Structure formats: C-alpha cells, structure tokens
There are 2 protein chains.
Amino acid sequence: MFELDVRSRVPIYEQLFEKIKELIIKGLLKEHEQLPSVRALSNDLTINPNTIQKAYRELENQGYIYSIPGKGSFVAPLKDRDINKEKIEKILEEVKKLMLEGLYLGMDREDFIKVLEDAIKIKEVR
Amino acid sequence: MFELDVRSRVPIYEQLFEKIKELIIKGLLKEHEQLPSVRALSNDLTINPNTIQKAYRELENQGYIYSIPGKGSFVAPLKDRDINKEKIEKILEEVKKLMLEGLYLGMDREDFIKVLEDAIKIKEVR
DNA sequence: ATAACTGTACTAAACGAAATAATACAGATA
DNA sequence: TATCTGTATTATTTCGTTTAGTACAGTTAT
C-alpha cells in the first residue's frame, strides 16, 4: 500500500505521515474511511508497530485522522481539522523559496502557472 | 550573520547550507564574493569548524561556491553551476505537493499567483 | 622569514533521535 | 471466548550529527 525507503534520511514515521496525508488531501481516502490497523500495516510494511503508531499519532495531532480505541483509525472530516494561519504561512513561505530557486535555475512564470493549473485540476476531480 | 537553531530537527550543516544558498539565489552574495572563512564563521556561530566545513563542502558539491585552499571560499558564477533536469523536476514536484496542500486548506489560485509575482519581483531586483 | 590566516583531512568520542523488541492493558466485535 | 482494535511503557540498538583535537599545505601581510 505504501512505498517507504528505510534507508532514507527522512524518518520512516514521517514518510508514512506524508504518504497518508497526501492520500487524504488528494481525496483518495474519503472522510470516515478506515485506515489499516497499526498491526496490519506493521506486517505489510515489515516495520515496527511503534513506528506506525507514531505516524498515526502525528496524523491525529494535526487533525487528519481520528482514532477510536478498540475500533480503529479513520479519516477526519475536513471541518474538524486544524486550519490555521501558521500552516498557510508556512506553505506560502516554502513555495516562495522553491519558486526563487526555480527561477534562479532558469524556470519561468509559465512553468509555475502550469503546475498550479495542474494542482487545481487534481483538486477539482476529487 | 546567520540565525541557526541548534535544537532543530534539521542538522546545523543543512540549515547553514540552505541559508547561504538562499543568499546566493537572491543575489545578496555576488559572484566571486568571498564567504567568511570556516574558522571565522565557526567562532561567530559558536559551532564546530567541522560542521561549517560540511556545509561548505556541500555547497561546493552542488556548484554554489568554489574553494581555493589557502585563499578562501567564494560564490561560484552561475554558468559554472550544475543546472540539471532532476533538480527542476524535484522543485516542480515539491511545489505541486505544497499547492495541493494549500488548496486543500482553503487557499486559491490567486494566493499562489501572488507568491509567484512576489518571487519574480525579488529576482528582478538583483 | 615568520606569524597568522586560509582550506582540507582524519580519528575518536559524545550525543540524541529513530527504530526495534517485548509486554501489557482496555475496548470492540464476531 | 477468541481476536481484533488503539494505546502505553521500558529497554536496547543503531546511526547520523556534532564536537574535540590534531595535523598538513598553500596564501598573505608584516
């Protein structure tokens, strides 16, 4: 279900966090849809349960999923999520930094417009 | 000269690498301009010389600076730099991911257009 | 020439985050 | 009742980061 690089500099739990977050953002995981259990995913990925749980805990902390002991973990509805200015500010800052680097490397306005349209299109679909 | 967070999850040498790269990209450090020496920066930042050197080595590996033993380290001219497709692909991918996340959090097309214009403006100035 | 600067290299040790391993407890479910 | 679920805790291992200490060679100014 997920492709993780255990040799990466990026911690496994963080890779998993990002992958799941991405699926939720892209709408490939619907609201209230159940995620694989900690142990099931641990078996699938051959990764320690604690590591899986750490990713899930982080997803829950940031409002992407909710967990019910005894039942499972589920995708949180959007309205429950912590949408704050700081998060958006961070995204804007990061995008700007990447754009500067891209422009520096020879990319132009149109290149970024294209990606933007692309992202918008992906969002529309879901 | 630089503000680094020694408690950050991001390694110091990487923070330093990013800061200097940013100054070069923004044109605040001109071509062939001399960087602070490894030892001077080590004193300023109260950080081990080896850590500074690691950042400089990485900057040199990626073509942002060049070093002359006995003389110092200098900003590399743009044409000498390693501008490859992979780097641009990575930027595009990362920007797209951030845009998707932003759109998901309620941002819209115009928000990103603004950042783009902003980045272009910064580039023009240099 | 000499002192003080530059980059670079190397080894050893300390530190800390990440990951694993092994249990355990409580709630839900078939 | 057996088996699933999330959650918690402790100990241990592993590995990248950082520090410390030392050294060598080239450059520069006094």
Side-chain angles (χ1 to χ4, degrees), chain A residues 1-21 24 29 31-76 80, chain B residues 1-21 24 29 31-76 80:
Chain A
M1 187 172 187
F2 300 103
E3 292 170 15
L4 303 179
D5 180 7
V6 294
R7 276 170 279 111
S8 167
R9 196 183 54 99
V10 181
I12 299 175
Y13 79 89
E14 194 171 322
Q15 292 181 52
L16 188 55
F17 170 85
E18 287 296 333
K19 293 278 188 189
I20 296 179
K21 189 174 104 176
I24 293 175
L29 287 175
E31 299 190 352
H32 303 294
E33 184 171 343
Q34 184 163 11
L35 296 171
S37 78
V38 171
R39 288 175 183 79
L41 202 48
S42 170
N43 279 332
D44 275 15
L45 305 178
T46 335
I47 284 168
N48 194 280
N50 293 335
T51 305
I52 310 290
Q53 198 204 341
K54 190 167 183 180
Y56 276 23
R57 191 192 306 139
E58 195 56 24
L59 284 164
E60 186 164 20
N61 286 341
Q62 296 198 24
Y64 289 100
I65 70 174
Y66 62 94
S67 297
I68 304 177
K71 295 200 69 174
S73 300
F74 310 86
V75 178
D80 289 1
Chain B
M1 187 170 187
F2 301 103
E3 292 171 16
L4 303 178
D5 181 8
V6 294
R7 275 170 279 112
S8 168
R9 196 183 51 99
V10 181
I12 299 176
Y13 78 89
E14 194 171 322
Q15 292 181 51
L16 189 55
F17 170 84
E18 287 296 334
K19 293 279 186 187
I20 296 178
K21 188 175 106 177
I24 294 175
L29 287 175
E31 297 190 352
H32 303 294
E33 185 172 342
Q34 184 163 12
L35 297 172
S37 79
V38 170
R39 290 173 182 82
L41 202 48
S42 171
N43 280 331
D44 275 15
L45 305 177
T46 336
I47 284 167
N48 195 281
N50 294 333
T51 305
I52 310 290
Q53 198 205 339
K54 191 167 184 181
Y56 277 22
R57 192 192 306 139
E58 194 57 23
L59 283 165
E60 186 164 20
N61 285 340
Q62 295 199 24
Y64 289 99
I65 70 174
Y66 62 95
S67 297
I68 305 177
K71 296 200 68 174
S73 299
F74 309 85
V75 177
D80 287 2

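Protein chains get the first letters and strands the later ones, always in sequence-line order, with residue 1 at the start of each. Keep in mind that what you see is a predicted model, and the values were worked out from it rather than measured.
- Residues B/E14 and B/K19 are not paired through a salt bridge, judged by the lack of any N-O separation under 4.0 Å between the basic side chain and the carboxylate.
- A straight line from CD of B/Q34 to C1' of C/dC5 spans 11 Å, rounded to a whole angstrom.
- Put simply, CZ on A/R57 is 13 Å from C1' on C/dA18, counting in whole angstrom units.
- One atom, CG of A/L41, and another, P of D/dT5, lie 11 Å apart when rounded to the nearest Å.
- Here C/dA18 presents its P atom at 12 Å from CD of A/Q15, a figure rounded to the nearest Å.
- The phosphate of C/dT8 has OP1 or OP2 within less than 4.0 Å of a side-chain N or O from B/S67.
- Between the CZ atom of B/R7 and the P atom of D/dT17 there is a distance of 20 Å, given to the nearest Å.
- Listed pair A/K54 / C/dA19 fails the phosphate criterion, with no side-chain N or O lying under 4.0 Å from OP1 or OP2.
- Side-chain contact between B/F74 and B/I68 is present, with at least one heavy-atom pair separated by less than 4.5 Å.
- Atom CD1 in B/I52 sits about 15 Å away from atom C1' in C/dT8, given to the nearest Å.
- Residue B/E60 is in sugar-phosphate contact alone, with no base atom involved, counting any heavy-atom pair closer than 4.0 Å across all strands shown.
- B/N48 and B/S42 make their closest contact through C-OG, 3.8 Å (heavy atoms, listed as atom of the first residue, atom of the second, distance).
- Taking 4.0 angstrom as the limit, B/Y13 places a side-chain polar atom (N or O) nearer than this to OP1 or OP2 of D/dT17.
- Residue A/F2 comes nearest to A/L45 through the heavy atom pair O-CD2, 3.7 Å, listed as atom of the first residue, atom of the second, then distance.
- What separates CG of A/L35 from P of D/dC4 is a distance of 19 Å, to the nearest Å.
- Summarising the geometry, the separation between OH on B/Y56 and P on C/dT6 is reported as 10 Å, rounded to the nearest angstrom.
- Taken from CG in B/L35 to OH in B/Y64, the straight-line distance is 14.0 Å, to the nearest 0.5 Å.
- The nearest pair of heavy atoms linking B/G72 to B/Q34 is CA-NE2, 3.7 Å.
- Of all the heavy atoms in B/V38 and B/Q53, the pair that sits closest is CG1-N, 4.3 Å.
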Protein-proximity profile, nucleotides 20-30 of chain C, B/S/- by nucleotide at the 4.0 Å heavy-atom cutoff, equals BBB-B--BSS-

